[in-house]
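Below: the structure, in structure tokens.
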Amino acid sequence: MNLPTKSSADLTRPRTAVLALFFANGALFANWAPRIPAVQSGLAIDATLLGVALTGLGAGGLLFTLTAGTLVDRVGSRRVLLAATAALCAGLVLPALAPTWWALCLALVVLGAADAAMDVAMNAQGVLVEQRSGRPLLNGFHASWSVGAVAGGLAGTAAAALRVPPAPHFLATGAVLGAVALVVRHRLINDEERADALDTGTKRRRGITRPPPALLLLGLIVVFAAQIEDVPQSWSAVYLSDLGAGPGTAGLGFVAFSVFMTAGRLVGDRMVERLGPSVVVTGGGLLVALAFGIALLVASPLATIIGFALAGLGASPMFPVAFSMVGRVPGVLPGAGIATVSLVSRIGFLAAPLLVGGLLGVSTFQVALSVVVVAAVGAAALGPRLGRLQDRPPPD
């Protein structure tokens with residue numbers, strides 16, 4: 001069915017609410033990234049064990065993503081989004097309270113599951129607002145996530161530099177961002193009725209037993225994008241510390257990545273309209289591969305921070321393009337389509353820390369972090385195939 005196009009005034013409140021919740025999600029995880037060395041030090045675990053623990057985020061996401069998509073299609077993205085945001089804000093403190101490595105693994109699984117539900121629901125709500133507006137908005141929503149990541153990264157870096165213990169830091173962060181969700185909750189589109197209509201009136205599949213080729217293409221792109229994005233979040237502070245950077249400087253790798261990703265996404269919708277998704281994704285992948293490859297060869301804190309910055313710029317359009325184009329895949333319900341692409345991306349988030357941690361056990365950081373270069377080349381290779389979806393209208 002075709003959704004009615006509403007005026008800009010009618011969509012100002014839901015658009016603002018979605019922007020706020022994308023911001024909150026980015027800020028939550030960006031606060032976590034600079035504090036990973038402190039959590040690692042508190043548990044006295046090596047890089048390999050840390051890498052295994054960090055896969056808990058991906059594992060939790062894998063376990064809950066499809067369930068989240070089903071819930072979105074059954075009860076609406078608004079309800080799922082609000083519940084998931086509350087769970088994520090409350091669960092942020094769990095890794096800081098973990099007394100053992102096993103407890104850290106479990107805490108990260110819970111955090112990953114909550115993030116998966118919020119990710120699927122906020123993208124579903126964002127796609128709904130975009131379709132009703134009749135113009136591209138997904139890059140803008142993901143730019144808000146990146147702004148949140150910058151703010152959260154700066155807050156986390158400041159907390160690390162001031163040696164604030166992770167537990168009170170995460171507790172305060174969750175409380176503040178949870179309050180944001182409370183303020184905007186009534187501005188979200190109430191799509192429970194839409195979910196009921198889809199449940200009874202559509203012939204499209206609820207689940208996806210054999211994903212269409214177009215959905216697989218989008219899924220592969222976000223697998224590579226997830227690997228590119230996970231390394232700055234999970235390993236930038238640890239790597240920069242290994243290169244001799246202090247606690248304050250070590251957090252700047254993720255901040256630089258997030259700042260330039262934000263800049264890319266702020267102009268991303270216009271770039272996609274002007275050049276097309278194929279050119280944008282292919283060019284972005286090549287930029288990531290070149291910039292980060294050079295940074296690894298130079299192996300200095302300054303070169304690494306610059307490399308992360310340019311990698312953020314190149315990777316910026318990959319997720320927004322993929323989620324926006326999910327709406328053009330025929331025969332797939334919104335929640336199921338977004339959940340499937342999100343699920344496949346979680347494989348990238350799961351694989352990245354496991355790959356890096358495993359490689360660190362037998363090699364150097366430069367070799368281990370080369371997974372970013374490999375992923376970027378993979379995304380660039382798949383980019384030209386997006387042209388086949390570019391002119392396809394959203395399904396009825």
Side-chain angles (χ1 to χ4, degrees), residues 30 32-41 45-55 146 149-150 153-154 156-158 160-161 224-264 283-316 318 348-349 351-380:
W32 153 251
R35 307 315 309 272
I36 292 175
V39 173
Q40 177 188 12
S41 176
I45 56 177
D46 61 22
T48 300
L49 285 178
L50 175 63
V52 175
L54 290 172
T55 62
S146 298
V150 172
L154 290 172
T157 299
F224 293 131
Q227 292 185 68
I228 296 169
E229 291 193 21
D230 183 82
V231 168
Q233 176 177 295
S234 297
W235 294 103
S236 61
V238 180
Y239 177 48
L240 284 165
S241 296
D242 185 74
L243 292 177
T249 304
L252 294 179
F254 183 67
V255 172
F257 180 88
S258 301
V259 166
F260 276 74
M261 175 167 278
T262 302
L286 292 176
L287 175 60
V288 174
L290 180 62
F292 202 73
I294 293 173
L296 289 176
L297 290 175
V298 175
S300 73
L302 178 59
T304 299
I305 292 171
I306 294 173
F308 277 124
L310 294 178
L313 181 64
S316 62
M318 294 181 185
F349 283 113
L354 191 61
L355 281 172
V356 173
L359 288 171
L360 282 175
V362 297
S363 187
T364 65
F365 259 115
Q366 284 72 29
V367 173
L369 297 186
S370 65
V371 298
V372 171
V373 178
V374 175
V377 171

Requested in this report: Begin with the C-alpha distance, continue with both residues' side-chain angles, and end with the deciding distance and a verdict on side chain to side chain contact (heavy atoms under 4.5 Å, CB included) for T304 and L240.
Outcome: CA-CA 8 Å; T304 299; L240 284 165; 3.9 Å; yes
Quick check: closest heavy atoms across [X] and [Y], and the distance to 0.1 Å?
{"X": "G153", "Y": "P34", "answer": "O-CG, 3.8 Å"}
{"X": "V356", "Y": "L369", "answer": "CG1-CD2, 3.9 Å"}
{"X": "A315", "Y": "I228", "answer": "CB-CG2, 3.8 Å"}
{"X": "D46", "Y": "Q40", "answer": "C-NE2, 3.7 Å"}
{"X": "L243", "Y": "A299", "answer": "CD2-O, 3.7 Å"}
{"X": "V377", "Y": "A289", "answer": "CG2-CB, 3.9 Å"}

Requested in this report: Working to the nearest 0.5 Å, report the span between CE of M261 and CG of L310.
Outcome: 12.5 Å
Query - From OG (S234) to CH2 (W32), nearest 0.5 Å - result: 8.5 Å
Query raised in the report: In terms of ring plane angle, is the pair F365 and Y239 parallel, tilted or perpendicular, where the classes change at 30° and 60°?
Result: tilted
[Y] side chain reached by [X] side chain, heavy atoms, under 4.5 Å:
{"X": "T249", "Y": "I305", "result": "yes"}
{"X": "M318", "Y": "E229", "result": "no"}
{"X": "L54", "Y": "I36", "result": "yes"}

Exam field: side chain [X] to backbone [Y], donor-acceptor pair closer than 3.5 Å:
{"X": "S41", "Y": "P37", "result": "no"}
{"X": "S258", "Y": "F254", "result": "yes"}
{"X": "S300", "Y": "A303", "result": "yes"}

Query - Candidate pair V231 and F257, rule side chain to side chain contact (heavy atoms under 4.5 Å, CB included), full reasoning - result: CA-CA 10 Å; V231 168; F257 180 88; over 6 Å; no
